[in-house]
Amino acid sequence: MSEVAVERLSNDKAFKVIFVLGGPGSGKGTQCAKIAKHYGFTHLSVGDLLRAEINSGSNNGTMIESMINEGKIVPSEVTIKLLQRAMRESGNDKFLIDGFPRNEENRASFENLEKIEPEFVLFFDCPEEEMERRILNRNQGRDDDNMETIRKRFKVFIESTLPVIEFYNLKGKLYKIDACKPADEVFEDVKAIFSRFRAKNITLLQFSLSII
Ligand code: UDP
Ligand code: MG
């Protein structure tokens, strides 16, 4: 990764961003793949970007690897640089950002730097027992998919990520989805949310035109 200072990426481009949050194993990646295909977004999983960074042999690799294996949140100056690079390289202007922001520091840093507010935030809500079952049944070769790290990831999710979810809820930007169902059923609910969001925006646009 280049060592240049973190700079704003979105100076001359209007980016559309949707944040996708949920506990480990809630199905963020699965749903994002469907959404990206259906609606033309670029799916950026920050966990995947971090794993690719480790595999690329970067200087930060060892630090990132030990943080992931402890279920800890990597400093946002690292994750934001990776995100910016992936956004730039995609050439797209519509992004589904999966698994970020994970804490208040991530959220504030990204927003202050890029001056981007998400259009909305999807929250895949799933009970811990179900998430645990899914993680233990999948085999993605991830070192952090073991019981000890899973417990730590659940704890970090509750302590650090739920407050971010609540922040967006208070802003009226949160759409909570029951993620405990089969993937295709969950996706039906996701599609309903995209239609609702579109309808709401059209109504708002008509309203603002009618008061001019
Ligand atoms: N991670 C991080 N910051 C991010 C996203 C991920 O530090 O913005 C780290 C964190 O250690 C996390 C791991 O990467 O536990 C795996 O994240 P991912 O989203 O792939 O998995 P999840 O825990 O949501 O299944
Ligand atoms: Mg994932």
Side-chain angles (χ1 to χ4, degrees), residues 1 6 17-36 41-56 58 60-87 95-111 113-114 116 118 121-165 167-168 177 179 183 186 190:
M1 192 188 326
V6 181
V17 163
I18 295 173
F19 290 142
V20 181
L21 299 174
S26 58
K28 302 183 292 291
T30 307
Q31 293 301 323
C32 282
K34 291 176 186 284
I35 300 168
F41 281 78
T42 294
H43 171 205
L44 298 175
S45 156
V46 177
D48 287 351
L49 293 176
L50 289 168
R51 285 183 282 273
E53 187 66 5
I54 298 172
N55 292 333
S56 77
S58 117
N60 283 322
T62 322
M63 179 274 285
I64 298 173
E65 191 168 22
S66 59
M67 295 202 80
I68 289 185
N69 288 338
E70 282 298 307
K72 291 187 181 149
I73 298 169
V74 175
S76 63
E77 67 220 57
V78 173
T79 46
I80 290 176
K81 270 194 206 168
L82 292 174
L83 259 177
Q84 288 177 318
R85 186 170 68 190
M87 287 166 85
F95 301 96
L96 280 174
I97 301 187
D98 160 1
F100 178 96
R102 262 180 147 79
N103 61 11
E104 182 52 25
E105 189 260 342
N106 282 177
R107 185 198 66 72
S109 306
F110 184 80
E111 200 174 300
L113 181 67
E114 292 297 343
I116 298 177
V121 177
L122 292 176
F123 167 34
F124 289 105
D125 188 26
C126 190
E128 257 184 36
E129 309 80 73
E130 172 65 12
M131 294 196 283
E132 185 182 304
R133 198 184 59 74
R134 290 179 184 177
I135 297 173
L136 295 176
N137 281 336
R138 74 185 181 191
N139 188 359
Q140 300 178 334
R142 279 174 56 171
D143 288 341
D144 61 343
D145 280 354
N146 63 79
M147 211 46 244
E148 196 188 333
T149 312
I150 293 169
R151 292 250 151 78
K152 292 180 181 160
R153 286 155 69 196
F154 283 153
K155 190 162 183 280
V156 169
F157 174 70
I158 290 167
E159 288 175 0
S160 303
T161 312
L162 273 184
V164 176
I165 291 170
F167 172 90
Y168 287 118
I177 295 161
V186 176
V190 169

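Here the structure is a predicted model, which is why all the values come from computation and not from measurement. Counting starts at 1 for both ligands and their atoms, in listed order.
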Top protein contact for [atom], by heavy-atom distance:
atom                    : result
atom 25 (O) of ligand 1 : Arg153 NH2, 3.2 Å
atom 19 (O) of ligand 1 : Arg102 NH1, 3.2 Å
atom 16 (C) of ligand 1 : Arg142 NH2, 3.5 Å
atom 11 (O) of ligand 1 : Lys72 O, 2.6 Å

Run the numbers for me: atoms of ligand 1, each under 4.0 Å from some heavy atom of [X], listed by number.
X     : result
Val74 : 2 (C), 7 (O)
Ile68 : 9 (C), 11 (O), 14 (O)
Arg51 : 16 (C), 20 (O)
Gly99 : 4 (C), 5 (C), 8 (O)
Pro24 : 22 (P), 23 (O), 24 (O), 25 (O)
Val46 : 4 (C), 5 (C), 8 (O)
Gly25 : 25 (O)

Partner set under side chain to side chain donor-acceptor pair (under 3.5 Å) for Lys72, not counting sequence neighbours: none
Heavy-atom pair with the smallest gap, counting every atom of Ile80 and Phe110: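 What the structure gives for the nearest pair is CD1-N, 3.6 Å.
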Side chain proximity check, Ile35 to Val190, heavy atoms < 4.5 angstrom: yes
Decide whether an N or O pair under 3.5 Å exists between Lys28 and ligand 1. yes
Sub-3.5 Å N/O-N/O distance, Thr79 and ligand 1: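 N/O-N/O distance under 3.5 Å: no.
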Does a side-chain N-to-carboxylate-O contact under 4.0 Å join Arg151 and Glu128? no
Check this for me, if you would: do Arg134 and Asp145 make a salt bridge, where the nitrogen-to-carboxylate-oxygen distance has to be below 4.0 angstrom? no
Tell me every residue that passes ring-ring contact (aromatic ring centres under 6.0 Å, His included) with Phe95, counting only those two or more places apart in sequence or in another chain.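 If we apply the ring-ring contact (aromatic ring centres under 6.0 Å, His included) test to Phe95, skipping adjacent residues, the hits are Phe15.
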Have a look at ligand 1 and work out which part of Leu50, if any, has a heavy atom under 4.0 Å from it: side chain, backbone, both or neither.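 For Leu50, only side-chain atoms sit under 4.0 Å from ligand 1.
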Less than 3.5 Å apart, any donor N or O on the side chain of Asn146 or Thr149 sitting next to an acceptor on the other?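 Present: a donor and an acceptor within the cut-off.
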For the atom pair NZ (Lys152) and NZ (Lys155), what is the distance rounded to the nearest 0.5 Å?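 Going from the NZ atom of Lys152 to the NZ atom of Lys155 covers 10.0 Å.
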Ring geometry between Phe19 and Phe100 (parallel below 30°, tilted from 30 to 60°, perpendicular above 60°): perpendicular
